[in-house]
Chemist: 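I have a structure here, written as structure tokens, and I will follow up with some questions on it.
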Amino acid sequence: MIAYILKRLSLSIPLLLGITFITFALIKSLPGDPVLSLVGERASPQAMEQIRKEIGTNRPFIAQYIGYLRLLMKGQMGRSYFTNRPVMSDLIEKFPNTLKLALGAMIFAIPIGFLLGLTAALNQGRWADRAASLISIGGISLPVFWIGLILMSVFAMKFRWLPPSGTGDIRYLILPAITLGLPSSASIARVARTTVFDILGQPFIKAVRAKGIRESGIIFRHVLRNVMIPLVTIIGLDFGSYLNGAVLTETIFGYNGIGRFTMEGIIKRDYPVVMGMLLFGAVVFIVINMIMDIIYHYIDPRLRIYGHNK
Amino acid sequence: MGIINKLSIGILTIVILSSVFAPLISPYDPLKIDLDSIKQPPSFKHPFGTDNKGRDILSRVIYGGRVSLCVAAVAGILSLAIGLFVGLLAGYYGGRLDMGIMAIVDLILAFPSLLLAIGISVIFPPGIYTVMIAIASVGWASFARVIRGYVLTIREMSFIEAAISIGCSDIRIILKHLLPQCVSLCLVFLGLRLGGYILTESALSFLGLGAQPPEPTWGSMISHNRVYISSASWMVFFPGLAIAITTVSLNIIGDLLRDKFDVRLKA
């Protein structure tokens, strides 16, 4: 298992290099001279040349890129232009909050999506199915930021049950987690519906039925087990979409996580922050994909990951 | 699902027509500031109410639809064109070209799409063209993937073999034999994607990266009006409702098209 993880990690190095190169090239191609913004308009050309030499922007592109990689290897991502705090320390401070939010969203999305999909599949073609698929289309189609604002105005401002915004104990987590989890509960419902329906049509279910097993036994012992794999896939993919959603959700609810951090970086054109967050997003994605492969290994013995390739 | 399908087709038609004929049907000038009638709740005079500068929200929603639909359509066609070109090449030639292209496609698909679009829209000055480019530069990848997969299956069919054996050139095979086979797949997939593009457009506008004020867009209206949500909730509710009914109808119609043409979409 450890050998497998190491192999996967080494395979992701070219991917990460590619992403660092793209983000670096993007930032370098932006208009504007950082030296000019550091010293101001009235500095003498000699002074500007001096500073260029000191911070190294007079070096060739590749040399600057290698310098950036060196910095990353040391576990640093540069400093924010505005707060002058290292991007890394902001990341370490804010990422646990986003992780909490994502977990909260999953706790909301998985049971609801799964029950919705299961109900739809067991009542194929009947009104319950239609209602469930309409709800799931709605969940995919509705804008996250709008739903968030409506939830906030109803539950926080009208009824005053929950705090409207901020970061803190679990009460601050409920509304953002529901907002973030809603689209993914819809996609889980869709996948659950089609897979449950496919499995119910397979011969082994007929065999189990012929043996006289109760319907609930069929669902719990045979169907649910087989639904796990596509469900894990979709949940893993959704975890990535939480990073999308977190940008919007955290902005609306004033939640102190990396989504809002990224967003503020973009609005202020704080490039070290934007670069660091894009790179961090890629790292999170690679790690999630790897965790998913490891989970597959445990829930489906047919998919042995070590021993042979795929 | 008959009624729901008809309803979504009807809603989408209304949204498209009202965007096309916006100058004719909108009751007020969407940019006209009227300080005598600020933050008025919905009434006969202003069906969707007015905003903090007294502008009519219905008119702004109608004009905002122009931006959203236009951006989604252009981004969709761009994604389709690039994805079709790349997918045909990768699927037909296979080998190293295919591997290289699919590596890039997988890289793009692996990344959170909104973050990527945000990253791209930072480079260019904010505006609708930037949003189109940002959506298309992420969107082409899923088209390329679906089309490449489809081309891989039809390339093995006997009519392609026949075309090769009578000496057709590669270009002729791609344009005259493979391309026509992909048309219904492309249209269905475009239908399934458009709703998502509208959502991305409104999210980018919400974040301030889309069309700039005073031009109204659904996303930017929600973003600017959200401070008034507790005192004047209609200012946020109606633009969001416009996004919601448009994307829901588009997604329902997309599903309908998929079932009708019975294309297998394995993205």
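All of these numbers come straight from a predicted model, not from anything done at the bench.
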Chemist: Mind checking the CG-CG spacing from L248(A) to L114(B)? Nearest 0.5 Å is all I need.
Modeler: 5.5 Å
Chemist: Select one option (side chain, backbone, both, neither) describing which atoms of S233(B) are under 4.5 Å from chain A's heavy atoms.
Modeler: neither
Chemist: Taking every non-hydrogen pair under 4.5 Å, which of A203(B), G208(B), G219(B) racks up the most with chain A?
Modeler: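 Of A203(B), G208(B), G219(B), A203(B) has the most heavy-atom pairs under 4.5 Å with chain A.
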Chemist: Please determine whether side chain to side chain contact (heavy atoms under 4.5 Å, CB included) holds for the pair S223(B) and F145(A), giving the CA-CA distance in whole Å, both sets of side-chain angles, and the decisive distance to 0.1 Å.
Modeler: CA-CA 9 Å; S223(B) 151; F145(A) 48 93; over 6 Å; no
Chemist: For I140(A), what residues pass the side-chain contact (heavy atoms from CB on, under 4.5 Å) criterion, not counting sequence neighbours?
Modeler: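 Here the qualifying residues are A186(A), R190(A), N251(B).
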Chemist: Determine the minimum heavy-atom distance between M263(A) and L207(B), stating which atoms define it.
Modeler: SD-CD2, 3.4 Å
Chemist: Just checking Y65(A): does its OH atom have more than 12 heavy atoms from other residues, nucleotides or ligands closer to it than 6.0 angstrom?
Modeler: yes
Chemist: Determine whether the aromatic ring centres of F206(B) and W146(A) lie less than 6.0 Å apart.
Modeler: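 Not close enough - the centres of the two rings lie 6.0 Å or further apart.
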Chemist: Heavy-atom distances under 4.5 Å only: say whether L250(B) touches chain A with side chain, backbone, both or neither.
Modeler: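 Neither part; nothing is under 4.5 Å.
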Chemist: Between CG of L134(A) and CD1 of I4(B), what distance do you get to the nearest 0.5 Å?
Modeler: 4.5 Å
Chemist: Using 0.5 Å steps for rounding, measure from the CE atom of M152(A) to the CD1 atom of I229(B).
Modeler: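 It comes to 7.0 Å.
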Chemist: What part of I147(A) gets within 4.5 angstrom of chain B, counting heavy atoms only: side chain, backbone, both, or neither?
Modeler: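 Interface part for I147(A): neither.
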Chemist: Using heavy-atom distances under 4.5 Å, tell me whether P126(B) contacts chain A through its side chain, its backbone, both, or neither.
Modeler: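 Side chain only.
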Chemist: How far apart are the closest heavy atoms of A244(B) and L142(A), and which atoms are they?
Modeler: CB-CD2, 3.2 Å
Chemist: If you take all heavy atoms of T247(B) and S141(A), which pair is closest and at what distance?
Modeler: OG1-O, 2.8 Å
